[in-house]
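See structure below.
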Amino acid sequence: MNHRLLCSALSVLLLAACNGSVDTPPGSGGAGGGDDGAGGGDDGAGGDGAATSATSAGGGAPVACGARSGGICSAEEFCDFPDDSCGTFDTVGQCSARPEVCPADCPGVCGCDGQLYCNACSAQQAGVDVSEATSCLKPVGGDYAATYWAGGLDHLVVYKAEPETDECVALYADAPAEGAPEGFDVATLPDTWVVTRIERTSGAAGCAPGASKPAGEAVRATGAVGSLSMDLSGGTSMPCTLDVDITATFPTEPATALLRATGVAVNDGCP
């Protein structure tokens with residue numbers, strides 16, 4: 001055999017063994033890359049398949065949600081409806097990430113589930129959108145009573161006993177009063193009255209006019225929002241009944257207390 005021809009043949013074999021520039025037949029599955037090779041191609045780890053997955057995980061088109069769409073958000077998301085419509089009138093929402101951190105303020109907002117939350121962020125953190133059009137004015141369990149006494153400064157106390165939790169919430173209002181405490185935004189009728197404090201204690205049994213003081217140390221509300229109105233149709237300054245719709249915020253758990261009732265008799269009502 002010609003010595004030069006033998007050297008050339010050996011060179012070709014060495015290049016092939018070291019994955020050189022010698023091509024392998026299509027479909028052979030060689031290490032250098034065919035359609036199914038590990039180094040590339042449509043299904044390889046370095047090919048288009050991995051890139052497509054990364055694009056989807058990184059945020060593709062937003063997922064539609066709500067009854068009409070049939071879509072369901074993940075456990076880390078909530079269904080955000082346009083104009084806070086809560087999905088009424090077949091509105092389609094969009095899955096959005098639940099917030100991780102929320103502010104501590106607690107004005108009270110109504111969630112699309114009919115439950116009260118401190119603010120929109122805390123509702124979304126629980127997986128619920130909010131809406132001003134949704135009613136949270138469901139009857140709130142508890143036994144209500146109220147007492148009034150006149151003087152140079154008139155006083156009114158509204159009691160709400162909660163037997164299930166063995167708690168008492170008491171609202172104090174005075175008239176005439178100069179102004180509400182910081183953090184209180186309670187509209188009153190007549191407007192000469194001011195809600196001056198709201199307290200929560202343990203002991204539902206003592207939560208009534210004339211009863212012994214409820215057991216336990218009183219925790220005072222740091223904020224309140226809502227309304228208090230009185231029926232003065234008896235022709236005197238003493239109210240016969242009152243309506244209350246107030247959300248109070250406390251520094252301890254539970255963070256809120258609801259005082260919500262209509263037609264609460266004051267001093268057993270007018271004669």
Side-chain angles (χ1 to χ4, degrees), residues 106-111 113-118 132-150 154-175 177 180-181 183-214 216 218-234 236-250 253-271:
C106 194
V109 297
C110 190
D113 58 354
Q115 301 300 314
L116 196 76
Y117 295 88
C118 266
E132 293 182 358
T134 302
S135 176
C136 278
L137 296 179
K138 300 176 181 178
V140 176
D143 300 323
Y144 289 84
T147 185
Y148 164 89
W149 64 97
D154 294 349
H155 302 282
L156 177 73
V157 184
V158 181
Y159 300 89
K160 179 194 176 186
E162 300 179 336
E164 291 185 0
T165 58
D166 193 30
E167 288 184 330
C168 174
V169 179
L171 176 151
Y172 297 84
D174 302 304
F184 278 51
D185 184 14
V186 179
T188 59
L189 289 173
D191 57 10
T192 53
W193 287 86
V194 172
V195 175
T196 53
R197 75 181 191 272
I198 300 174
E199 294 179 345
R200 182 177 62 205
T201 61
S202 59
C207 193
S212 59
K213 185 177 180 181
V219 178
R220 185 167 294 192
T222 55
V225 61
S227 63
L228 174 69
S229 59
M230 309 174 201
D231 175 18
L232 301 177
S233 59
T236 66
S237 60
M238 172 184 165
C240 300
T241 61
L242 59 83
D243 297 339
V244 59
D245 181 11
I246 293 175
T247 301
T249 308
F250 290 88
E253 292 295 333
T256 59
L258 306 181
L259 290 157
R260 184 173 301 143
T262 58
V264 177
V266 181
N267 290 359
D268 297 324
C270 292

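Only a predicted model underlies this, so the values are computations on that prediction, with no experimental measurement involved. The chain is numbered in sequence order, starting from 1.
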In Å, rounded to the nearest 0.5 Å, how long is the span from OG1 of Thr256 to CD1 of Ile246? 13.5 Å

OH/Tyr172 to CZ/Arg197 distance, rounded to the nearest 0.5 angstrom? 5.0 Å

Give me the atom names and distance for the closest heavy-atom approach of Ala221 to Ala248. CB-CB, 4.1 Å

Locate the shortest heavy-atom distance separating Ala170 from Tyr159; write the atom from each residue and the value. CB-CD2, 4.3 Å

At what distance, to the nearest 0.5 angstrom, does CG of Leu171 lie from CG of Leu259? 6.0 Å

I would like to know whether Trp193 and Asp154 meet side-chain contact (heavy atoms from CB on, under 4.5 Å); could you show each step before the answer? CA-CA 9 Å; Trp193 287 86; Asp154 294 349; 3.7 Å; yes

Test item: Phe250 and Ile198 side chains (from C-beta on) under 4.5 Å apart, heavy atoms: yes

Considering non-hydrogen atoms only, spot the tightest contact between Val169 and Ala257 and give its length. CG2-CB, 4.1 Å

Determine whether Pro209 and Val157 make a side-chain contact, defined as any pair of heavy atoms from C-beta on separated by less than 4.5 Å. no

Of the non-hydrogen atoms in Lys160 and Cys207, which two are nearest, and what is the gap between them? O-SG, 3.4 Å

Looking only at non-hydrogen atoms, find the nearest pair between Asp143 and Pro163 and report the distance. OD2-CG, 3.8 Å

Interatomic distance, OG@Ser229 vs CG@Asp191, rounded to 0.5 Å, equals 12.5 Å

Closest heavy-atom contact between Glu199 and Ala218? OE1-CB, 3.8 Å

Any chance you could measure Thr196, atom OG1, to Leu156, atom CG, to the nearest 0.5 Å? 10.0 Å

Out of the candidates Val266, Asn267, Val158, only one should pair with Thr147 under the side chain to side chain contact (heavy atoms under 4.5 Å, CB included) rule; please name it. Asn267

Name the residue from Leu242, Thr241, Asp243 that meets the side chain to side chain contact (heavy atoms under 4.5 Å, CB included) definition with Thr262. Asp243

